[in-house]
2 protein chains.
Amino acid sequence: MPTETKKYTDKQELIAKFSNALGHPVRVAILQQLSKQSCCFHGDMAEVLPIANSTLSQHLKVLREAGLIQGEIDPPKTKYCINKENWNLAKGLMIGFFD
Amino acid sequence: MPTETKKYTDKQELIAKFSNALGHPVRVAILQQLSKQSCCFHGDMAEVLPIANSTLSQHLKVLREAGLIQGEIDPPKTKYCINKENWNLAKGLMIGFFD
DNA sequence: ATTTATGTTCGTAAATATACGAACAATATT
DNA sequence: AATATTGTTCGTATATTTACGAACATAAAT
């Protein structure tokens, strides 16, 4: 049994987690692009975004770990897509949050 | 004239800024409380939240600087309220973002 | 003029985030 | 087998975030 007292509700933690993922403009840009066309390749994004390739990988990892996107390797390219289930979860939480 | 190229759109920067403010569960909790009852005192929040008083001040400052709340001193207490204009702006941006 | 109540600011420590290039991995092509 | 293409991971530097207690500020009450 957990002796640790939870400090925040699951919902609060989730809202914070998703919001955190949206907390950098380049990640907002990435998600806008992905949600517009559902999927796209790392390389396509790298051409447009003002950051190094390795930095893009890091941001994609943040979004992946927050559950908002998922990647699949299609060598030598990598295709990233919105994770629709979590996207909708986030959408619902944010709408609920703002009333 | 600005020689600096803007890297992101104003909308992307705004979404990131507001999201960033929501990126910590205690700030989510604070905003939930404030949006439920419109205003409340620092002390009332401090009683409920699992952080030191000084830490609460810091988080309130983050929310204030993001424009989501505003504080007014009513000595010796400080009353914080939702900044409705920016709250609605954020709401619209987030809803638009998630389609 | 002290003391009390309520928050804020300061100093500081530890953790996390952001950025880049170099090195690496995996596959396709030559 | 060697090369080229595409991304990821590693190493690293710098900046920001988060947290706390101590010190400070302000006004009311004694």
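From a predicted model like this one, the values you see are computed outputs, not experimental measurements. Letters A, B, ... are given to chains in the order of the sequence lines, protein chains preceding strands, and every chain is numbered from 1.
Hydrophobic clustering (ILVMFWY, side-chain heavy atoms < 4.5 Å, transitive): A:Val26 and A:Val62 are in distinct clusters. At a threshold of 4.5 Å between side-chain heavy atoms, the hydrophobic network of Ile, Leu, Val, Met, Phe, Trp and Tyr places A:Phe41 and A:Tyr80 in two separate groups.
Nucleotide C:dT16 holds its P atom 18 Å from the NE2 atom of A:His24, rounded to whole Å. Atom OH of B:Tyr80 and atom C1' of C:dG7 are 8 Å apart (whole Å). Following rounding to the nearest Å, A:Leu22 (CG) and C:dA17 (P) show an atom-to-atom distance of 15 Å. Rounded to a whole Å, the CD atom of A:Gln58 is 10 Å from the P atom of C:dA17. We find that NZ of A:Lys79 is positioned 17 Å from P of C:dT27, with the value rounded to whole Å. Atoms CG (A:Asn20) and P (C:dA15) sit 18 Å apart, rounded to a whole Å. Atom CG in B:Asp74 sits about 13 Å away from atom P in C:dT8, given to the nearest Å. B:Ile73 has its CD1 atom 15 Å from the C1' atom of C:dA5, to the nearest Å.
Side-chain contact annotation: B:Asn53 with B:His42, donor-acceptor N/O pair under 3.5 Å present.
Put simply, chain A comes within 4.0 Å of DNA chain D, heavy atom to any atom, from D:dT5 to D:dT9, going 5' to 3'.
Without hydrogens or angle criteria, B:Asn83 side chain to B:Asn86 main chain gives a donor-acceptor distance under 3.5 Å.
Taking 4.0 angstrom as the limit, A:His59 places none of its side-chain polar atoms (N or O) nearer than this to OP1 or OP2 of C:dA17.
The environment of A:Glu85 atom CD is sparse: at most 12 non-hydrogen atoms of other residues, nucleotides or ligands sit within 6.0 angstrom. The number of heavy-atom neighbours closer than 6.0 Å to CD1 of B:Ile95, taken from other residues, nucleotides and ligands shown, is above 12.
Using a 4.0 Å heavy-atom criterion, one finds that B:Ser57 contacts the bases of the nucleic acid, with or without backbone contacts as well.
Between B:Lys7 and B:Arg64, the residue anchored nearer the 5' end of DNA chain C, judged by the nucleotide with its closest heavy atom, is B:Arg64. Both A:Pro76 and B:Val62 lie close to DNA chain D; mapped to their nearest nucleotides by heavy-atom distance, the more 5′-ward contact belongs to A:Pro76.
The stretch residues 30-56 of chain A touches DNA chain D through A:Phe41, A:His42, A:Gly43, A:Asn53, A:Ser54, each having a heavy atom under 4.0 angstrom from the strand.
Evaluation of the ring pair (Phe, Tyr, Trp, His ring centres under 6.0 Å) rule for A:Phe97 yields B:Trp87 as partners, not counting sequence neighbours.
For the pair A:Lys7 and B:Pro25, the minimum side-chain heavy-atom distance is 4.5 Å or more.
Ring geometry for B:His24 versus B:His59: interplanar angle of 30 to 60°, hence tilted.
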